[in-house]
Amino acid sequence: MTVTESPDVESGWEPSTEASPARPRPSLDLLVWDAPNIDMTLATVIGARPTAASRPRFDAIASWFVNGAGDPAGSGSDDVEACVFANVPPQHVTTLRGWVEALRSFGYSVFARPKSRPDDDIDQSMLDHIEVRAASHDLRRLVVFSGDGRNFAEPLETLARSGTEVVVVAFSEVAGYALSSDLLRFVDIEDVPGAFAAPLDRVRLDSLPVDGAWLRPTKSLREAAAAFVAKRST
């Protein structure tokens with residue numbers, strides 16, 4: 001298994017898959033962010049293309065994550081590392097440069113890979129990096145921002161069984177694998193303090209008002225009818 005240039009954690013530790021027998025492995029809180037999945041599922045829950053105003057604030061996410069790891073001055077505090085994984089389509093190289101630099105300025109490492117085909121995915125790169133850190137560190141807490149249960153459910157539950165606290169952060173509408181698991185803890189992204197500048201245009205089925213709520217359509221009735229007719233005529 002190979003991970004290209006896995007970043008050093010904040011303690012300055014050099015990555016290695018072999019723990020030294022002379023000293024215990026350092027503890028680590030690790031956050032991995034599946035950028036394509038979170039962006040796609042955000043569009044699904046708000047029924048529109050995400051804008052800068054509707055995307056999550058990475059500085060607020062960093063604060064929430066670090067606060068969960070304890071006081072760095074304390075004797076039992078953990079090292080922390082946060083990584084964002086992204087595919088970069090050739091046509092978006094220029095526009096994504098500022099986003100990548102902003103992430104780095106907030107303390108995130110970024111694993112970026114060219115997206116040459118529509119089905120290119122970065123999930124395996126995320127899993128590889130988690131495995132490297134689980135081998136080199138005492139992985140106390142793993143926070144995974146992804147609603148993709150197909151690729152993450154089994155390996156994350158395996159880690160949870162080994163004693164790692166595994167937290168899945170996503171949107172409740174699309175993270176059934178985490179909500180139904182007895183081993184994983186689920187947090188809705190909108191429940192992270194300050195994650196969004198303004199409330200998202202969504203109504204969550206896990207927190208409906210007592211009197212109920214209207215859920216607006218994400219496509220017009222005429223568009224849906226036209227799509228049905230077109231499908232039948234082919």
Side-chain angles (χ1 to χ4, degrees), residues 32-61 84-100 102-103 110 112-126 144-153 156 168-181 184 186-234:
V32 292
W33 184 290
D34 184 346
N37 179 270
I38 294 300
D39 209 53
M40 178 184 68
T41 55
L42 173 59
T44 298
V45 301
I46 65 176
R49 186 183 181 88
T51 64
S54 63
R55 285 190 170 94
R57 294 183 52 180
F58 280 92
D59 51 354
I61 300 295
V84 176
F85 291 75
N87 285 324
V88 180
Q91 67 272 25
H92 296 318
V93 167
T94 301
T95 56
L96 286 176
R97 188 179 303 278
W99 176 73
V100 168
L103 286 171
V110 179
R113 194 177 67 184
K115 185 177 178 68
S116 56
R117 300 190 311 271
D119 60 347
D120 276 350
D121 207 338
I122 42 81
D123 290 356
Q124 190 57 52
S125 297
M126 294 174 64
V144 179
F145 279 73
S146 181
D148 186 355
R150 178 186 59 184
N151 292 320
F152 289 106
L156 294 187
V168 172
V169 187
F171 298 104
S172 58
E173 293 92 328
V174 294
Y177 82 99
L179 286 164
S180 62
S181 175
L184 310 177
F186 176 76
V187 175
D188 191 282
I189 299 180
E190 205 167 5
D191 290 338
V192 175
F196 294 93
L200 295 179
D201 183 15
R202 64 191 281 229
V203 176
R204 292 164 51 181
L205 297 181
D206 62 334
S207 57
L208 287 169
V210 175
D211 296 331
W214 284 100
L215 309 179
R216 66 179 180 82
T218 57
K219 180 184 291 186
S220 79
L221 195 61
R222 290 188 182 279
E223 285 179 325
F228 174 74
V229 171
K231 185 177 180 180
R232 291 194 66 183
S233 62
T234 57

Looking only at heavy atoms, which two atoms of [X] and [Y] are closest? And how far apart?
X: Val169; Y: Val192; value: CG1-CG2, 4.4 Å
X: Ala195; Y: Ile61; value: CB-CD1, 4.0 Å
X: Arg113; Y: Ser125; value: NH1-OG, 3.6 Å
X: Pro193; Y: Ala60; value: O-CB, 3.7 Å
X: Val84; Y: Ala35; value: CG1-CB, 4.1 Å
X: Pro50; Y: Arg55; value: O-NH1, 3.4 Å

Check for a donor-acceptor pair, side chain of Asp201 on one end and backbone N or O of Ile46 on the other, with a separation under 3.5 Å.
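No, Asp201 side chain to Ile46 backbone: no donor-acceptor pair under 3.5 Å.
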
For [X], all residues meeting side chain to side chain contact (heavy atoms under 4.5 Å, CB included), sequence neighbours excluded:
X: Pro36; result: Asp34, Asn87, Ile122
X: Glu190; result: Asp188, Phe196, Pro199, Leu200, Arg202, Arg204
X: Ser233; result: none
X: Asn151; result: Asp121, Asp123, Asp148

Enumerate the residue pairs fulfilling salt bridge (charged side-chain N to carboxylate O under 4.0 Å, His left out) with a member in residues 223-234, sequence neighbours excluded, ordered by first and then second residue.
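The answer is none; no pair qualifies.
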
Is any side-chain heavy atom of Phe171 closer than 4.5 Å to one of Thr44?
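Thr44 does not reach Phe171 side chain to side chain.
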
Contacts of type ring pair (Phe, Tyr, Trp, His ring centres under 6.0 Å), residue Phe152, not counting sequence neighbours
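In terms of ring pair (Phe, Tyr, Trp, His ring centres under 6.0 Å), with neighbours along the sequence ignored, Phe152 is linked to no residue.
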
Ring pair (Phe, Tyr, Trp, His ring centres under 6.0 Å) with Phe58: which residues, sequence neighbours excluded?
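Listed in chain order: Trp33, Tyr108.
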
Spacing of [X] atom [atom1] and [Y] atom [atom2] [to the nearest 0.5 Å]:
X: Glu173; Y: Leu179; atom1: CD; atom2: CG; answer: 10.0 Å
X: Asn37; Y: Phe85; atom1: CG; atom2: CZ; answer: 13.5 Å
X: Tyr177; Y: Leu156; atom1: OH; atom2: CG; answer: 5.5 Å
X: Ile189; Y: Thr41; atom1: CD1; atom2: OG1; answer: 6.0 Å

Restricting to side chain to side chain donor-acceptor pair (under 3.5 Å), what partner residues turn up for Ser181, sequence neighbours left out?
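For Ser181 the side chain to side chain donor-acceptor pair (under 3.5 Å) partners, ignoring immediate neighbours, are Glu157.
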
